[in-house]
Trainee: 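Right, I'll just put the structure down here and ask away after.
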Amino acid sequence: MAQRIFKWPSLTPLGRRRLDNFKANRRGYWSLWIFTAIFALSLFAEFIANDKPILLRFDGSFYSPVLFTYPETEFGGIFDTEADYKDPAVKAMIEEKGWIIWPPIPFSYDTANKELDVPVPSPPTRVNWLGTDDQGRDVAARLIYGFRISVLFGLVLTAVSSVIGVAAGAVQGYFGGRLDLWLQRFIEIWSGLPILFLLIILSAVVEPDFWWLLGLMLLFSWMGLVGIVRAEFLRARNFDYVRAAKALGVSDAVIMWRHVLPNAMVATITFLPFILSGSITTLTSLDFLGFGMPPGSPSLGELLSQGKANLQAPWLGITSFLLLSAMLSLLIFIGEAARDAFDPRKTLLYGAAEGERE
């Protein structure tokens, strides 16, 4: 039998033009790589900032406290609870019969440095690279974990709200009539509500956590794409190929999914980075006001709030502000590059230039 060779699907000429347009925007292209690299590193935050060793060897056996929990008795101690690897006695027992490999930052987001000789919040040192907050917790570790939570929250919220918003806009634009009229009136009323105040009130009623905040913000964030998708479906539903598909007996669901939705997705994709940045900003605002993630959670907004409350410790506000500004700037640059990639005028100009060269 002949061996089958797997080949990656090749891009269409239109897809190649869009990719080249995206790469032509150097600022957005490199922003995508930088943001992806930073986010990928943050996914392994436990191996970068943790108060537990990455790997240790004791009495001829290997252990990974970052991944697994070991009692103190495993290393010759007297307690059955999880070993405190920063305890000098535990460290001495392990190093007597082995060695320890610590993460670059030997603190987790909730680990307080108990060996400080200055009042908290303490300034940056070789141990705490960006200083500590008002509870003695390492700022660098909290920034890494806070960045990961913010981006994951924004990605999940953007994905779910986009699905709902695209579905609502597609139904409105394709069917029109009274359904479009009533849904549009509902959206106008719903979008007129003071969203931030309602989120604060709802967050005060229930104890917020990641999923509660996600659900509360999802109540309002899905409206961002409805108008764009609705306009695309209103425009495309009268095209000849849509009428021909209806005449052939193709169902409305198939027409919407296979024939009309790809045209609407062009405008949708260009807006996704901006929706993501808006989601992160909203979460940061709630955390800054004290109505966001539970107390003790790593949060960029909470660090900004600490910087406001501790003006004598400028490293708190400056570091969180710089990280938040860089993150949102990268997302905006990526959105601008995506907008250029899907701009039909630039795509046509690129195609014409390619034709002249040929």
Side-chain angles (χ1 to χ4, degrees), residues 39 42 45 108-112 120-121 130-161 164-165 189-224 273-332:
F39 177 59
S42 70
S108 186
Y109 67 90
D110 57 351
T111 306
V120 294
L130 299 178
T132 63
D133 63 4
D134 57 4
Q135 298 183 34
R137 299 170 299 191
D138 187 78
V139 173
R142 293 186 66 80
L143 284 177
I144 296 172
Y145 284 89
F147 175 85
R148 182 175 67 177
I149 287 182
S150 299
V151 176
L152 288 176
F153 184 90
L155 288 174
V156 174
L157 182 62
T158 300
V160 179
S161 60
I164 299 175
I189 296 173
W190 195 248
S191 61
L193 298 175
I195 298 176
L196 185 59
F197 291 125
L198 288 176
L199 289 174
I200 291 174
I201 294 172
L202 293 174
S203 300
V205 173
V206 298
E207 184 175 354
D209 58 13
F210 184 92
W211 298 108
W212 261 110
L213 282 176
L214 185 67
L216 293 177
M217 293 178 62
L218 186 60
L219 294 175
F220 304 97
S221 61
W222 61 272
M223 295 178 289
F274 302 103
I275 297 175
L276 175 59
S277 61
S279 302
I280 294 175
T281 303
T282 304
L283 176 63
T284 303
S285 301
L286 289 174
D287 289 333
F288 178 80
L289 297 173
F291 298 99
M293 299 293 290
S297 301
S299 166
L300 301 180
E302 191 260 349
L303 273 176
L304 286 173
S305 179
Q306 287 199 34
K308 174 178 173 292
N310 298 275
L311 297 179
Q312 78 282 3
W315 55 89
L316 294 177
I318 292 176
T319 52
S320 52
F321 171 77
L322 291 177
L323 177 61
L324 189 62
S325 300
M327 175 172 53
L328 296 179
S329 298
L330 291 175
L331 290 174
I332 295 300

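Just so it is clear, the model here is predicted, and its values are computed rather than measured. Reckoned from all heavy atoms, side chains included, excluding hydrogens, waters and symmetry mates.
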Trainee: Can you tell me how far apart CD1 (Ile280) and OG1 (Thr284) are? Round to the nearest 0.5 Å.
Mentor: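 These two atoms lie 7.0 Å from each other.
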
Trainee: Taking atom OG of Ser42 and atom CD1 of Ile149, what is their separation to the nearest 0.5 Å?
Mentor: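 One finds 10.5 Å between OG of Ser42 and CD1 of Ile149.
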
Trainee: Mind checking the OG-CZ spacing from Ser191 to Phe220? Nearest 0.5 Å is all I need.
Mentor: 10.5 Å

Trainee: Quick one: closest heavy-atom pair of Leu219 and Trp190, and the distance?
Mentor: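 Leu219 and Trp190 have their closest heavy atoms at O-NE1, 2.7 Å.
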
Trainee: Rounded to the nearest 0.5 Å, how far does CG of Leu276 lie from OG1 of Thr281?
Mentor: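 Nearest 0.5 Å value for the OG1-CG distance: 9.0 Å.
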
Trainee: Should Val120 and Gln135 be marked as a side chain to side chain contact (heavy atoms under 4.5 Å, CB included) after you check the CA-CA gap, both sets of side-chain angles, and the distance that decides it?
Mentor: CA-CA 7 Å; Val120 294; Gln135 298 183 34; over 6 Å; no

Trainee: Holding to side chain to side chain donor-acceptor pair (under 3.5 Å), I want the full list of residues that pass it with Ser279, two or more places apart in sequence or in another chain.
Mentor: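 Listed in chain order: nothing, the list is empty.
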
Trainee: Without swapping roles, check the side chain of Arg142 against the backbone of Ser108 for a donor-acceptor pair under 3.5 Å.
Mentor: no

Trainee: Measure the spacing between OG of Ser161 and CG of Leu214 and express it to the nearest 0.5 Å.
Mentor: 9.0 Å

Trainee: Before you tell me yes or no, could you show the steps for Tyr109 and Ile144 under side chain to side chain contact (heavy atoms under 4.5 Å, CB included), namely the whole-Å CA-CA distance, both residues' side-chain angles and the distance that decides it to 0.1 Å?
Mentor: CA-CA 8 Å; Tyr109 67 90; Ile144 296 172; over 6 Å; no

Trainee: Looking at Leu300, is its backbone amide N or carbonyl O close enough to the side chain of Asp287 to form a donor-acceptor pair, meaning the two atoms are under 3.5 Å apart?
Mentor: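 Absent.
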
Trainee: Does Leu143 reach the side chain of Ser320, with side-chain heavy atoms less than 4.5 Å apart?
Mentor: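 The answer is yes; the side chains approach within 4.5 Å.
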
Trainee: Evaluate the side-chain proximity of Ile275 to Ser221: yes if any heavy-atom separation is below 4.5 Å, no if none is.
Mentor: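 They are not in side-chain contact.
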
Trainee: Could you name each residue pair satisfying side-chain hydrogen bond (donor to acceptor under 3.5 Å, both in side chains) that touches residues 148-158, not counting sequence neighbours?
Mentor: Glu46-Arg148

Trainee: Can you tell me how far CG of Leu216 sits from CH2 of Trp211, rounded to the nearest 0.5 angstrom?
Mentor: 13.5 Å

Trainee: Please examine the side chains of Leu316 and Pro121, heavy atoms only from C-beta on, and report whether any two atoms are closer than 4.5 Å.
Mentor: yes

Trainee: Give the C-alpha distance, both sets of side-chain angles, the deciding distance and a yes or no for side chain to side chain contact (heavy atoms under 4.5 Å, CB included) between Thr319 and Leu303.
Mentor: CA-CA 9 Å; Thr319 52; Leu303 273 176; 5.5 Å; no

Trainee: Just wondering, do Leu324 and Leu304 contact through their side chains at under 4.5 Å, heavy atoms?
Mentor: yes

Trainee: Is a side-chain donor or acceptor of Trp222 paired with a backbone partner of Val160 at a separation under 3.5 angstrom?
Mentor: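 Checked: no pair found.
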
Trainee: Which heavy atom in Leu152 sits nearest to a heavy atom in Phe39, and how many Å separate them?
Mentor: CD2-CZ, 3.6 Å

Trainee: Once the angle between the rings of Phe153 and Phe210 is folded into 0 to 90°, is it parallel (under 30°), tilted (30 to 60°) or perpendicular (over 60°)?
Mentor: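 Perpendicular: the ring planes of Phe153 and Phe210 meet at over 60°.
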
Trainee: Throw together a table of side-chain donor-acceptor distances under 3.5 angstrom for residues 307-314, partners on residues two or more places apart or in other chains.
Mentor:
| from | atom 1 | to | atom 2 | distance (Å) |
| --- | --- | --- | --- | --- |
| Asn310 | OD1 | Gln312 | NE2 | 3.4 |
| Asn310 | ND2 | Gln306 | O | 2.9 |

